[in-house]
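Have a look at the structure below before the remarks.
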Amino acid sequence: MELSKIKSSLEDGLLSFPITDFDEKGEFNAKTFAERVEWFVSHDVSSVFVAGGTGEFFSLTVDEYEQIVNISVKVVAERVPVIASAGRSIAEAKTFTKIAEKAGIHAILLFPPYLTECPQDGVYEYAKAIMQNTSLPVIYYNRGNGVLSAEYIKKLADACPNFIGLKDGTGNMQDLNDTIKTVGKRLSYIGGVPTAEIIAEAYLSIGVNTYSSAAFNFVPELANKFYKALRAGDKATVEEITQKFYIPLVRLRGKKNGYAVSLIKAGAKLIGKSAGDVRPPLTMPTDAEVEQLRQIIEQSK
């Protein structure tokens, strides 16, 4: 796929992040995952990010990852770009990117290093080592213990021609705007905080036109309606959906760490598209919280 098409998909359109399907034993369910990916593409998305944070990348085995990327490429069949995650240690990230290359994945979403506190110069070396060892375009996820300043993002862009995009996981508009003004159109910029719709208007105000939509997993029509209203400047619709759906969802999400993923899987169950439960260390919502989620979905219709 041409790089221009990949970058265009990152800069205009709804970015979708499917959950990963597990069966009742917690094992990867290839059949229902394939059906989920097809369902996503049928709902007018600009790209599909598989095995991401919403897809529980952190808990996947190498074999599961290989199945996921191969299934996704086959199902999507070049209709839109398919982007897969890489990360953990440098050695593991190289393994994931090689699998993705072989499968025909179009680009990589590079996660920050695992767990340890990191100096920026070390994160820069981490990202550079991985980017320079793959032929695929790479989007860096600026989040957690791997947040890079504008200075280091520019340095990384200068060192790695295949570094094409930055996904913001901080929500820090001052720093993000600094990066955008410093690096400019050399990169594509994506909003990537959990439930990114809640600050989509702020992203848009500094030129970030797209964001990751996890809620798409259980309210695809609403997610599309919100995005189209946002881009059209339909403030009344944006405010209505924000008040009825996204604010209550974010408040519920805030009740426990990890609910940014767990609530998405609960929502998928509520609409009859179960992907099983999350894997530990995440936990599923309580029955009372699932009922709250059901009410949030109902009141948004």
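- With values rounded to the nearest 0.5 angstrom, E298 atom CD is found 4.0 Å from K301 atom NZ.
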Can you list the steps and then say if N177 with K181 is a side chain to side chain donor-acceptor pair (under 3.5 Å)? CA-CA 6 Å; N177 199 32; K181 295 298 188 289; 2.8 Å; yes
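- One distance of note links CD1 of I130 with NZ of K94; it measures 8.0 Å at 0.5 Å rounding.
- Between F17 and F49, the two ring planes are parallel [angle under 30°; tilted spans 30° to 60°].
- Residues satisfying the side chain to side chain donor-acceptor pair (under 3.5 Å) criterion with E117, sequence neighbours excluded, are absent altogether.
- Counting all heavy atoms, side chain and backbone alike, A159 lies closest to K128 at CB-CD, 4.0 Å.
- In this structure a side-chain-to-backbone donor-acceptor pair under 3.5 Å is present from H106 to V82.
- No hydrogens or angles considered: nothing links the side chains of Q174 and D178 as a donor-acceptor pair under 3.5 Å.
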Applying side chain to side chain donor-acceptor pair (under 3.5 Å), run through S188 and E11 and close with a yes or a no. CA-CA 6 Å; S188 301; E11 295 173 3; 2.5 Å; yes
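- In this structure, K155 forms a cation-pi arrangement with Y124, its terminal cationic atom sitting closer than 6.0 Å to the ring centre and no more than 45° off the ring axis.
- Between E2 and K5 there is no salt bridge, since no side-chain N of the basic residue sits under 4.0 Å from a carboxylate O of the acidic one.
- Salt bridge status for E38 with R79: present, with a side-chain N to carboxylate O gap under 4.0 Å.
- Below 30°, between 30° and 60°, or above 60°: for Y140 and F163 the angle between ring planes is above 60°, a perpendicular geometry.
- Distance check: N162 CG to T134 OG1 gives 6.5 Å after rounding to the nearest 0.5 Å.
- With R253 contributing its side chain and A260 its backbone, the two residues share no donor-acceptor pair below 3.5 Å.
- The shortest non-hydrogen separation linking V208 to I190 is CG1-C, 3.8 Å.
- Here the shortest heavy-atom pairing between P18 and R36 reads CB-CD, 4.4 Å.
- When all heavy atoms of Y211 and A196 are compared, the closest pair comes out as CB-CB, 3.7 Å.
- Residue pairs that meet the ring pair (Phe, Tyr, Trp, His ring centres under 6.0 Å) test with at least one member in residues 244-270, sequence neighbours left out, are F226-Y246.
- One finds the CD1 atom of I164 at 5.5 Å from the CG atom of L3 (value rounded to the nearest 0.5 Å).
- Between E151 and K154, no side-chain nitrogen of the basic residue sits less than 4.0 Å from a carboxylate oxygen of the acidic one, so the salt-bridge criterion is not met.
- Two residues are said to be in side-chain contact when any heavy atoms from C-beta on lie closer than 4.5 Å; V69 and F96 fail this criterion.
- Going from atom CD1 of I83 over to atom CD1 of I105 covers 8.5 Å, rounded to the nearest 0.5 Å.
- Taking R231 as the reference, D12 meet the salt bridge (charged side-chain N to carboxylate O under 4.0 Å, His left out) condition, with sequence neighbours excluded.
- In this model, no donor atom of one side chain and acceptor atom of the other lie less than 3.5 Å apart for E240 and T237.
- By the 4.0 Å N-to-carboxylate-O rule, K31 lies close enough to E35 to be salt-bridged with it.
- A salt bridge between K265 and D277 is absent, with no side-chain N of the basic residue lying under 4.0 Å from a carboxylate O of the acidic one.
- F22 has its ring centre no less than 6.0 Å from the ring centre of F28.
- The two residues I180 and I206 come nearest to each other via the heavy atoms CD1-O, 3.6 Å.
- A donor-acceptor pair shorter than 3.5 Å can be found between the side chains of S149 and Q120.
- Each of Y114 and I90 belongs to its own hydrophobic cluster when Ile, Leu, Val, Met, Phe, Trp and Tyr are linked at side-chain heavy-atom distances under 4.5 angstrom.
- A donor-acceptor contact shorter than 3.5 Å is absent between the side chain of E125 and the backbone of G122.
- Contact record, S16 with S47: OG-O, 2.8 Å, taken as the closest heavy-atom pair.
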Could you walk me through whether F57 and F111 satisfy the ring pair (Phe, Tyr, Trp, His ring centres under 6.0 Å) test, starting with their C-alpha distance in whole Å, then the side-chain angles of each, then the deciding distance to 0.1 Å, before giving a yes or no? CA-CA 10 Å; F57 169 70; F111 275 59; 5.4 Å; yes
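- Between the OG atom in S89 and the CG atom in L115 there is a gap of 13.0 Å [rounded to 0.5 Å].
- Other residues, nucleotides and ligands place more than 12 heavy atoms under 6.0 Å from the CD atom of E92.
- For T170 and R143, the side-chain atoms include no donor-acceptor pair closer than 3.5 Å.
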